[in-house]
J.: 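Shown below is the structure under consideration.
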Amino acid sequence: MPAYWLEAFVLISGIVLLLLEAFIPSRHKTLIAIGSIGALVFALVLLFLVKDPDPANTEMARFYAWDASAKFFKGFTLLAGILTIFLGLDYRKTLSKFTANPDSEDGTGEYYCLILFATAGMMWMASAKDLVSLFVSLELSTITFYILVAYMRRNVGSLEAGVKFLILGALSTGFLVYGISWLYGASGSTELSAIGASITEANSTYLLFGLALILISLAFKVGAVPLHLWIPDVYQGSPTPTTSFLSIASKASGFAISLRVLEPFLNNPVTHDKTVAILSILAGATILVGNLAAIPQTNFKRLLAYSSIANAGFILLAVAAWDKGSDLTSAQIVGFYLAIYLIMTFAAFFILSTIHRNTGSEEISAFEGLGTRNPFLALMTTIVMAAMAGVPLTAGFYGKFFSFEAAVQANLWVPISIGFIGVAAGFYYYFQIIRAMYWRKSLDESPIKVCPLSFYALITLTSLLIIFGFFPQPILWLLQAA
Amino acid sequence: MSIIFVLIPILAAIAILCGCKARLTALIASGLTLILGLGSVFCWKADVWSVTLQVLSKPSIHLAMGFYDGMSLIMVLLSVLVLFTAVFAGKAPEGRAKLYYSSILLIGAGGLGAFLSTDLFFFYAFHELALIPTFLMIGMLGTGERKEAAWKITIYLALGSIILLAGLIWLVSASGSDTWLFRDLLASNIDPNAQSGIAALLIVGFGVLISLFPFHSWAAPAYAAAPAPVAMLHAGVLKKFGLFGLIRLYPMVPSGMQDWLGWLIVLLLCNILWVGFVTINQKRLDMMLGNSSVMHMGYIFLAFAALIQAGGAEANPIAIPGAVVLMFAHGISIALLFLLTDVVRQKAGTVELAELGGLAKSTPRLAFLFGLAGMASIGLPGLANFSGEVLVFLSGFENYKGEGFGCVQVATILALWGVVISAVYMLRAYRQTFQGPASSVTESAKDLKLSDQIPAIILATALLVVGLYPNSLLSLLKKPPCCSGCDQNTEQAEQ
């Protein structure tokens with residue numbers, strides 16, 4: 001079976017499950033979730049079994065890349081999709097509260113299918129190497145995300161988030177199409193490798209202008225300055241599983257295509273320096289905005305939103321240091337960083353949904369007294385926050401370490417010194433959670449219960465954070481050999 | 001397998017969190033490390049004790065541990081002594097025993113891991129293991145202005161470490177070495193143009209961790225607010241990490257350090273004289289000790305400056321021994337002082353110097369031990385700090401040929417006044433605490449129980465032994481660096 005059947009399989013499963021969903025009685029809607037998880041797990045297994053695409057099929061080969069990075073990001077998206085549906089199962093009470101009928105699960109079935117569609121779109125994005133396939137796959141995932149964000153249609157916050165996301169998303173699509181037309185006009189091709197080959201002194205200005213427009217639209221996707229403004233509101237308003245999917249899978253696939261688009265420009269000596277300059281400015285600004293704006297936050301979800309901006313900045317720093325590092329390529333660093341980010345962020349969202357279910361609040365003050373109310377959960381939260389802050393001996397450190405290593409070797413000292421401020425600020429706002437858990441006492445001393453699903457997910461994710469903190473090599477094996 | 005030193009406290013901390021008896025487990029674990037530490041002094045075989053496991057192939061990072069040389073051994077000895085006494089002296093508040101003892105053990109494990117690592121990466125990483133427990137302990141169980149102090153120390157140390165990290169990355173990439181192992185890094189040559197920038201980052205990064213002027217303002221409030229075991233471990237052990245690192249990394253960037261010698265001398269004199277005067281002015285015993293520990297870092301920097309000026313350990317053979325002996329002595333004496341200050345706080349209920357007085361009458365044993373530690377801290381002959389300070393001051397004049405003073409000699413002469421300053425604040429504090437008429441809070445104080453005395457006596461004995469026979473430490477320094485056997489181990493691990 002050639003590789004591109006993977007996307008088709010996920011897409012077809014989504015359509016079939018959506019059809020079945022119409023006939024399933026409302027108390028059995030979890031079957032759809034189980035079916036979706038099954039489909040994604042099956043696709044994940046297939047990922048290791050499929051054959052390389054047939055080179056004779058030249059049209060397909062033009063559109064579809066099948067290399068280590070494509071495989072890694074496909075696996076990444078599938079894993080994120082599976083974890084999101086688990087989180088969605090955890091969250092279905094709230095979902096049904098704000099959809100059709102609060103007492104039944106009527107409105108929850110489509111949610112799982114939509115995740116499949118978005119997954120298929122993002123898997124295709126990982127392989128897109130032509131501007132047309134890039135555009136189509138990106139729109140497939142973005143349009144699905146419009147629905148996922150506004151899914152709780154009886155909740156004002158969710159609707160508001162949907163509208164904001166839609167308007168900025170449409171704007172960024174505009175930038176993307178405009179940029180694509182500039183690239184096509186200046187190079188005569190939509191194929192990225194052909195565009196890279198056509199760069200000369202004469203047309204580099206037009207190409208760079210087109211690239212800058214595309215970068216603006218990709219900044220929307222990965223949550224970087226200048227199109228980062230939607231993130232806090234949309235994260236806060238969306239259903240929590242959507243938020244996690246948006247902050248992890250969507251960001252990762254955004255970086256996957258950013259790497260593909262940037263590669264020809266960064267590898268060409270004519271455009272290299274200017275592209276690095278653009279990326280350094282974006283990285284520095286993103287680190288600064290994300291970290292500084294996170295400091296005054298009192299809502300945990302908004303804090304995670306700004307932290308996701310900050311992380312996008314650190315990843316961009318690694319991209320800006322394009323392959324100047326002697327050890328890892330920038331693409332590997334990005335993949336590694338995102339893999340760790342997936343573990344940390346899903347752990348944080350499982351914690352958040354547990355806290356939300358018990359206290360009904362997503363504020364940082366809801367964590368007060370957790371040290372006595374549930375010491376074990378508090379300990380795991382401490383590990384996750386330490387990893388996010390980048391304390392050594394947790395996996396979170398390596399992402400920042402590799403980024404800084406590449407940047408130091410590329411002599412990008414201005415964004416690095418901004419990074420210093422960013423990391424120190426990060427310690428402050430992530431430790432706010434630890435402070436709330438241990439220093440503060442809560443009025444309500446009732447113990448906090450963790451449901452079994454979240455419990456096992458949390459145990460797995462936090463122990464991975466510690467294990468990779470000492471022995472990060474397995475992730476690199478995946479990146480190199482995938 | 002020197003990794004045991006780190007594993008024991010970490011496993012014990014996990015066991016405590018999983019439900020083992022907190023104090024007992026912590027005591028057994030720290031006691032075991034103490035026995036191991038003392039044992040390794042007597043049967044010191046570098047190559048038998050080292051371990052090297054590759055955890056990452058590119059960049060090549062190894063979980064490598066072992067006694068790199070005598071300096072590691074001495075710092076490990078300091079760590080296990082202070083760790084055991086800190087656990088012994090610790091008194092957990094009701095219901096917090098698990099967090100309390102596991103935090104102490106993790107801080108200790110961080111220090112031990114840093115001193116034992118023979119790979120630059122884990123050398124850095126283990127030091128940060130202490131960050132979260134310190135933050136928790138000061139913020140949760142501290143006294144006084146604990147919240148501000150906890151934030152201050154955390155942000156300062158985080159910023160210092162990230163600057164340091166950039167310096168270390170630059171150092172490794174400029175060296176062209178394939179791995180982060182000390183052995184490979186020390187064998188490489190770094191371009192003199194890059195050295196200057198690397199040295200600046202190292203001095204600032206390590207400087208924040210050591211509380212070098214003007215990055216010192218986190219130290220005194222944090223130590224004053226911290227629970228006694230945390231103050232003992234942090235002031236006694238972890239702060240030495242930075243100096244240890246500077247001395248260890250110095251041979252890689254000698255000419256770069258030379259560029260910053262003038263600045264370093266000015267800053268270290270500020271540490272000794274400026275902070276010295278600040279210390280005299282303190283009104284609380286704990287703040288005074290915190291500031292004094294900042295001030296004494298200046299002496300060790302002085303030895304480092306002498307080393308830089310001479311251009312290497314061969315040209316100035318007593319600079320490193322002086323620094324190491326003083327690091328050990330200061331670590332033990334400041335730990336003892338913080339331990340006893342905590343006892344004063346428990347007995348009298350306050351550490352405001354104005355409210356204390358006459359404690360010697362009701363608690364003669366406490367007064368004697370405090371006096372001993374105070375005298376050691378001033379530098380009284382016969383106690384460990386004296387040996388260290390003499391060596392440091394001599395190292396300032398090691399290459400003096402009688403033809404006008406260089407900047408290090410001038411700095412040494414000015415630094416000598418630090419001893420006078422130390423005497424002023426320490427004796428005044430002693431007088432106000434233990435002598436004179438008894439105040440209302442000190443009349444009813446009871447003297448130390450036997451169980452309180454044991455940790456203090458252990459530390460006091462260490463001060464006396466090193467003071468009377470400094471060769472006990474100096475002979476360890478003369479042992480050859482390990483690395484005949486490290487090579488074999490690396491090969492085995494890679495196979």
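Reminder, nothing fancy here: chain letters follow the sequence lines and each chain counts from 1.
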J.: Looking at chain B, which one of A:Ala386, A:Gly469, A:Pro472, A:Gly426 has the largest number of heavy-atom pairs inside 4.5 Å, strictly under?
T.: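 Maximum pair count with chain B is reached by A:Pro472.
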J.: Within the structure provided, determine whether A:Tyr428 and B:Thr154 are in side-chain contact (heavy-atom separation under 4.5 Å).
T.: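 SC-SC contact between A:Tyr428 and B:Thr154 ruled out.
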J.: What are the two closest non-hydrogen atoms of A:Gln473 and B:Val55, and how far apart are they?
T.: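 The answer is CB-O, 3.3 Å.
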J.: Would you indicate whether B:Trp218, at its atom CH2, is surrounded by more than 12 heavy atoms from other residues, nucleotides or ligands within a distance under 6.0 Å?
T.: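 Correct, the count exceeds 12.
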J.: Measure distances from B:Lys98 to the heavy atoms of chain A and classify the residue's part below 4.5 Å as side chain, backbone, both or neither.
T.: neither
J.: Answer whether the closest heavy-atom distance between the side chains of A:Leu328 and B:Pro59 falls below 4.5 Å.
T.: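 When only atoms from C-beta onward are counted, B:Pro59 and A:Leu328 do touch, with a gap below 4.5 Å.
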J.: Classify the ring geometry between B:Phe122 and A:Phe470 as parallel (under 30°), tilted (30 to 60°) or perpendicular (over 60°).
T.: parallel
J.: Kindly compute the distance separating CG (A:Leu393) from CD1 (B:Ile10), expressed to the nearest 0.5 Å.
T.: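 Interatomic distance, A:Leu393 CG to B:Ile10 CD1, rounded to 0.5 Å: 7.5 Å.
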J.: Within a strict 4.5 Å, meaning less than it, do heavy atoms of the B:Leu165 and A:Phe397 side chains meet?
T.: yes
J.: What pair of heavy atoms forms the shortest contact from B:Trp151 to A:Gln432, and how long is it?
T.: CH2-N, 3.8 Å
J.: CD1/A:Ile434 to CE/B:Met140 distance, rounded to the nearest 0.5 angstrom?
T.: 11.5 Å
J.: Is any side-chain heavy atom of B:Tyr124 less than 4.5 Å from a side-chain heavy atom of A:Phe401?
T.: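 No, their side chains stay 4.5 Å or more apart.
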J.: What part of B:Leu141 lies closer than 4.5 angstrom to a heavy atom of chain A: side chain, backbone, both or neither?
T.: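 No part of it gets close to chain A.
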J.: Could you have a look at B:Gly160, B:Ala125, B:Gly139 and say which one has the most heavy-atom pairs with chain A under 4.5 angstrom?
T.: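 Heavy-atom pairs under 4.5 Å are most numerous for B:Gly139.
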J.: Can you tell me how far the CD1 atom of A:Ile416 sits from the CD1 atom of B:Ile169, to the nearest 0.5 Å?
T.: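 Separation between the atoms: 8.0 Å.
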J.: Please state whether the side chain, the backbone, both or neither of B:Leu99 comes within less than 4.5 Å of a heavy atom of chain A.
T.: side chain
J.: Below 30° counts as parallel, above 60° as perpendicular, anything between as tilted: where do the rings of B:Phe121 and A:Tyr398 land?
T.: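 Parallel, since the angle between the ring planes stays under 30°.
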J.: Specify which of B:Leu136, B:Leu131, B:Leu129 makes the most heavy-atom pairs with chain A at under 4.5 Å.
T.: B:Leu136
J.: State, to 0.1 Å, how close B:Leu159 and A:Ala424 come at their nearest heavy-atom pair, and which atoms those are.
T.: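 In terms of heavy atoms, the two residues are closest at CD1-CB, 3.6 Å.
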J.: For the ring pair A:Tyr438 and B:Phe135, is the centre-to-centre distance below 6.0 Å?
T.: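 That pair fails the under 6.0 Å test.
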J.: Contact part of B:Leu168 toward chain A, heavy-atom cut-off under 4.5 Å: side chain, backbone, both or neither?
T.: neither
J.: Do B:Ile162 and A:Phe427 have side chains that approach each other closer than 4.5 Å (heavy atoms only, starting at C-beta)?
T.: no
